[in-house]
Amino acid sequence: MSFPLLTATAAVPAIGAIVTAAVPAARRTAAKWIALAFSLATLVLAAIALARFEPGGDRYQLTESHAWIPDFGVKYELGVDGIGVSLMALTALLIPFVIAAGWHDADPVETKSSRWRPTQGFFALILMVEAMVILSFEATDVFLFYILFEAMLIPVYFLIGGFGDRAHAGGDEAGATQRSYAAVKFLLYNLAGGLIMLAAVIGLFVQAGTFSLTEIAAARADGTLDMSTGMERWLFLGFFVAFAIKAPLWPVHTWLPNAMGEATAPVAVLITAVVDKVGTFAMLRFCLQLFPEASKWATPVVLVLALISIVYGALLAVGQRDIKRLIAYASISHFGFIIMGIFAMTSQGQSGATLYMINHGISTAALLLVAGFLISRRGSRLISDYGGVQKVAPVLAGTFLIGGLATLSLPGLAPFVSEFLVLVGTFSRYPVIGIIATIGIVLAALYVLVLYQRTMTGPVNESVRHMPDLKLRELAVVTPLIALLLFLGVYPKPLTDIVNPAVEHTMSDVHKSDPKPEVEAAP
């Protein structure tokens with residue numbers, strides 16, 4: 001029996017969470033180092049899985065299958081395609097940076113509303129989220145995926161409500177109220193989507209007699225599973241609504257600005273760069289593969305919703321006064337691009353969407369973490385409380401600028417490649433949608449450059465005159481992310497080689513091929 005690499009990749013952070021939580025309260029520093037060590041061990045295992053993955057091999061590799069609840073046809077079944085293994089690696093890569101950036105975020109503080117902050121619990125919850133997200137990228141049993149999809153909400157809820165951002169203009173009591181509101185809103189939105197999905201999961205089992213993704217796909221291919229058109233559309237909607245909330249897609253997006261605004265910067269990275277990717281990944285793995293005809297039926301509506309997300313998110317980002325809420329609305333716009341690429345039903349669009357998930361994770365992590373370092377120094381999230389930072393902290397300002405330029409998809413940085421592919425893939429089949437979507441690019445340049453201008457340039461605000469520059473730990477967090485943005489911006493081939501075969505399989509599932517370019521005959 002071969003070594004269960006995929007199980008180990010998820011089990012290591014889960015064990016790390018238990019060990020970290022069990023560290024005595026007086027050994028807070030030890031708990032931090034233990035959490036970091038387990039996250040690095042997970043990264044090593046994810047790198048081994050990525051190295052062992054063969055892009056030209058079977059669709060699902062490193063597979064594992066064991067009976068779990070045989071009376072109900074539930075299996076513990078794992079396997080990764082090029083998309084799943086890439087997102088698993090992204091998750092394992094980002095968590096060590098999240099832990100290092102949040103090194104002091106859960107240190108005990110004396111406040112009116114709370115006299116203690118369980119440091120061990122903070123890092124244990126982060127590792128538990130990592131374990132569940134990684135396993136969700138690996139699960140090929142629909143019921144197993146559903147359990148993970150729902151269970152990851154609980155640790156995120158506590159990370160938002162119990163360990164929220166201390167930089168609140170209304171004071172500690174108002175901040176506690178806002179954190180509770182944001183946490184409950186996050187939980188209710190996603191639980192509502194999960195309940196709808198549960199009904200669809202049960203309906204799928206009634207139709208197929210199994211929860212195994214590979215068995216269902218095989219049954220569809222040989223004709224033994226023949227769903228009615230109406231049933232397939234209802235089941236598609238049940239899955240899609242849950243994934244759209246997690247993604248998030250307009251109009252079920254409103255939980256994200258609250259959650260990101262009230263969470264600490266590292267937890268905000270965990271939400272938007274890691275957890276939310278489960279929603280867009282699941283659209284590719286489950287919606288398109290299980291319900292190909294319904295996916296094509298819903299495409300026009302989904303593309304319109306994605307287009308609204310792109311423009312709406314960018315417009316609201318332009319008008320924001322809160323740094324983290326601005327980045328949250330920018331992420332809504334970016335998720336619109338990802339979903340548009342998925343449902344453009346072209347290989348360029350879906351390859352671009354997958355690359356966008358990865359590149360958005362890296363660029364948003366870089367920008368949000370630097371923003372978190374900035375906010376922790378000043379104690380305010382309001383843009384108006386800054387000015388002239390580049391004169392007193394040039395390295396902080398420089399890294400903030402690079403993260404911002406990546407967010408607006410500047411050529412030479414990683415997000416440009418993915419955004420370009422999404423737009424090309426969309427334009428080739430839906431030219432009007434592709435043209436209107438470019439408004440999001442223009443607005444991105446506006447909100448990023450205005451944010452940088454108001455916070456980093458101009459006269460030095462008296463409140464930031466003595467602001468220290470980035471420290472060694474903070475540089476160790478930001479520098480690798482910036483290096484990745486530059487490397488993948490000029491050489492994305494390592495990622496495209498892994499992703500493209502999986503995209504070809506997805507295109508085959510929905511019986512779509514790329515539209516042929518129209519070339520006028522020479523006179």
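Predicted, not measured: the structure shown is a model, and the values here were computed from it. Starting from 1, each residue takes its place in the sequence as its number.
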Engineer: What distance separates L405 CG from L485 CG, expressed to the nearest 0.5 Å?
Structural biologist: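 Answer for the CG-CG pair, L405 versus L485, is 10.5 Å.
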Engineer: Ring pair (Phe, Tyr, Trp, His ring centres under 6.0 Å), that's the test. Do F243 and F149 meet it? Break it down for me.
Structural biologist: CA-CA 10 Å; F243 302 153; F149 186 83; 5.7 Å; yes
Engineer: Might you point out which heavy atoms bring F239 and F291 nearest each other, and give the distance in Å?
Structural biologist: CD1-CE1, 3.6 Å
Engineer: Does CZ in F158 sit with more than 12 non-hydrogen atoms of other residues, nucleotides or ligands closer than 6.0 Å?
Structural biologist: no
Engineer: Consider side-chain contact (heavy atoms from CB on, under 4.5 Å). Of V302, V301, L303, which one does L305 pass it with?
Structural biologist: V301
Engineer: I'd like to know whether L488 forms a side-chain contact (heavy atoms from CB on, under 4.5 Å) with I362, so could you lay out the CA-CA distance, the side-chain angles of the two residues, the decisive distance to 0.1 Å, and finally the verdict.
Structural biologist: CA-CA 10 Å; L488 295 176; I362 299 170; 4.0 Å; yes
Engineer: Below 4.5 Å, heavy atoms only, C-beta onward: do L249 and F240 meet side chain to side chain?
Structural biologist: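 Heavy-atom side-chain distance check passes, below 4.5 Å.
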Engineer: Going through the distances and angles, do S136 and M152 end up as a side-chain contact (heavy atoms from CB on, under 4.5 Å)?
Structural biologist: CA-CA 10 Å; S136 69; M152 69 179 68; 4.0 Å; yes
Engineer: Check whether any side-chain heavy atom of L191 sits under 4.5 Å from a side-chain heavy atom of L153, and report yes or no.
Structural biologist: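 They are in contact (side-chain heavy atoms under 4.5 Å apart), so the answer is yes.
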Engineer: Using only atom types and a distance under 3.5 Å, with no angle test, would you say the side chain of S309 pairs donor to acceptor with the backbone of W250?
Structural biologist: yes
Engineer: How far apart are the closest heavy atoms of A406 and S363, and which atoms are they?
Structural biologist: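 Here A406 and S363 meet closest at CB-CB, 3.8 Å.
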Engineer: Heavy atoms only: give me the nearest G403-L367 pair and the separation to one decimal.
Structural biologist: C-CD1, 4.0 Å
Engineer: Looking at K75, is its backbone amide N or carbonyl O close enough to the side chain of D141 to form a donor-acceptor pair, meaning the two atoms are under 3.5 Å apart?
Structural biologist: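 Checked: pair present.
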Engineer: Is the side chain of S428 donor-acceptor paired with the backbone N or O of G425 at a distance under 3.5 Å, no angle test?
Structural biologist: yes
Engineer: Would you confirm whether Q348, through its side chain, and V424, through its main-chain N or O, come within 3.5 Å as a donor-acceptor pair?
Structural biologist: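 Checked: no pair found.
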Engineer: When rounded to the nearest 0.5 angstrom, what is the spacing between CG in L135 and OG1 in T7?
Structural biologist: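 Spacing of CG (L135) from OG1 (T7) equals 7.0 Å.
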Engineer: Is any side-chain heavy atom of T20 less than 4.5 Å from a side-chain heavy atom of L127?
Structural biologist: yes
Engineer: Do I271 and I160 have side chains that get closer than 4.5 Å, going by heavy atoms?
Structural biologist: yes
Engineer: Hey, are Y356 and T280 close enough side-chain-wise for a donor-acceptor pair under 3.5 Å?
Structural biologist: no
Engineer: Could you tell me whether the side chain of Q61 and the main chain of E54 form a donor-acceptor pair under 3.5 Å?
Structural biologist: yes
Engineer: Out of curiosity, D276 CG to L270 CG, how far, rounded to the nearest 0.5 Å?
Structural biologist: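 Taking CG in D276 and CG in L270, the distance rounds to 9.5 Å.
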Engineer: When you measure from the side chain of R233 to the backbone of A294, do you find a donor-acceptor pair of N or O atoms at a distance under 3.5 Å?
Structural biologist: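 No: the side chain of R233 does not pair with the backbone of A294.
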Engineer: Ignoring hydrogens and geometry, is there a side-chain-to-backbone donor-acceptor pair from E64 to L6 under 3.5 Å?
Structural biologist: yes
Engineer: To the nearest 0.5 Å, how far apart are CE in M88 and CZ in F281?
Structural biologist: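 Answer for the CE-CZ pair, M88 versus F281, is 10.5 Å.
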Engineer: Heavy atoms only: give me the nearest K277-M357 pair and the separation to one decimal.
Structural biologist: CE-O, 2.9 Å
Engineer: Verify the distance criterion only: is there a donor paired with an acceptor across the side chains of N500 and S351 at less than 3.5 Å?
Structural biologist: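 Judged by distance alone, the side chains do pair up.
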Engineer: What's the spacing between L443 CG and Y329 OH if we round to 0.5 Å?
Structural biologist: 15.0 Å
Engineer: Please verify the inter-ring angle class for H66 with Y76; under 30° counts as parallel, over 60° as perpendicular, anything in between as tilted.
Structural biologist: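 Taking Y76 first and then H66, their aromatic rings lie parallel (interplane angle under 30°).
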Engineer: Considering residues, nucleotides and ligands other than W68, do more than 12 of their heavy atoms fall under 6.0 Å from its CH2?
Structural biologist: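 It does: W68 CH2 has more than 12 such atoms within range.
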Engineer: Are V269 and T364 side-chain neighbours, meaning at least one heavy-atom pair lies under 4.5 Å?
Structural biologist: no
Engineer: Check for a donor-acceptor pair, side chain of S333 on one end and backbone N or O of I310 on the other, with a separation under 3.5 Å.
Structural biologist: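 Yes: the side chain of S333 pairs with the backbone of I310.
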Engineer: Which word best sums up how the rings of F236 and W297 line up, parallel for under 30°, tilted for 30 to 60°, or perpendicular for over 60°?
Structural biologist: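 If you compare the ring of F236 with that of W297, the planes turn out perpendicular.
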Engineer: Apply side-chain contact (heavy atoms from CB on, under 4.5 Å) to D81 and T506, showing your working.
Structural biologist: CA-CA 11 Å; D81 60 1; T506 305; 5.7 Å; no
Engineer: Within the 4.5 Å heavy-atom criterion, are F186 and V156 side-chain neighbours or not?
Structural biologist: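 In short, these two side chains touch, coming nearer than 4.5 Å.
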Engineer: For P415, is there any backbone N or O sitting under 3.5 Å from a side-chain donor or acceptor partner on S418?
Structural biologist: yes
Engineer: Given the rule in the ring pair (Phe, Tyr, Trp, His ring centres under 6.0 Å) test, do F145 and F286 qualify, once you have shown the distances and angles that lead to the verdict?
Structural biologist: CA-CA 10 Å; F145 174 83; F286 296 102; 4.6 Å; yes
Engineer: Where do L284 and L288 come nearest, in terms of heavy atoms and distance?
Structural biologist: O-CB, 3.7 Å
Engineer: Take H253 and F335 through the test ring pair (Phe, Tyr, Trp, His ring centres under 6.0 Å) and record every step on the way to the result.
Structural biologist: CA-CA 10 Å; H253 67 285; F335 276 104; over 10 Å; no
Engineer: Evaluate Y430 against T299 for side-chain hydrogen bond (donor to acceptor under 3.5 Å, both in side chains), listing each step before the verdict.
Structural biologist: CA-CA 11 Å; Y430 303 99; T299 288; 5.1 Å; no
Engineer: For F137 and T91, what are the C-alpha separation, side-chain angles and deciding distance, and is it a side-chain contact (heavy atoms from CB on, under 4.5 Å)?
Structural biologist: CA-CA 10 Å; F137 291 140; T91 302; 3.3 Å; yes
Engineer: Using side-chain heavy atoms (C-beta onward) and a distance below 4.5 Å, is E138 in contact with I134?
Structural biologist: yes
Engineer: Would you say that more than 12 heavy atoms from the other residues, nucleotides or ligands in this model lie under 6.0 Å from the OH of Y312, or not?
Structural biologist: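 Result for OH/Y312: enclosed.
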Engineer: If you draw a 6.0 Å radius around CZ in F427, do more than 12 non-hydrogen atoms from other residues or ligands fall strictly inside?
Structural biologist: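 Count not over threshold, so no.
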Engineer: Distance from T354 atom OG1 to I498 atom CD1, nearest 0.5 Å?
Structural biologist: 12.0 Å
Engineer: Give me the atom names and distance for the closest heavy-atom approach of M283 to A247.
Structural biologist: CE-CB, 4.3 Å
Engineer: Can you confirm whether the side chains of T210 and S212 place a donor and an acceptor under 3.5 Å from each other?
Structural biologist: no
Engineer: Apply salt bridge (charged side-chain N to carboxylate O under 4.0 Å, His left out) to D509 and R285, showing your working.
Structural biologist: CA-CA 10 Å; D509 289 335; R285 171 165 283 191; over 6 Å; no
Engineer: With no hydrogens and no angle check, is any side-chain donor or acceptor of T426 less than 3.5 Å from a backbone partner on L423?
Structural biologist: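 Not a single qualifying donor-acceptor pair exists.
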Engineer: Are side-chain heavy atoms of T9 and T42 found at a separation under 4.5 Å?
Structural biologist: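 Heavy-atom side-chain distance check passes, below 4.5 Å.
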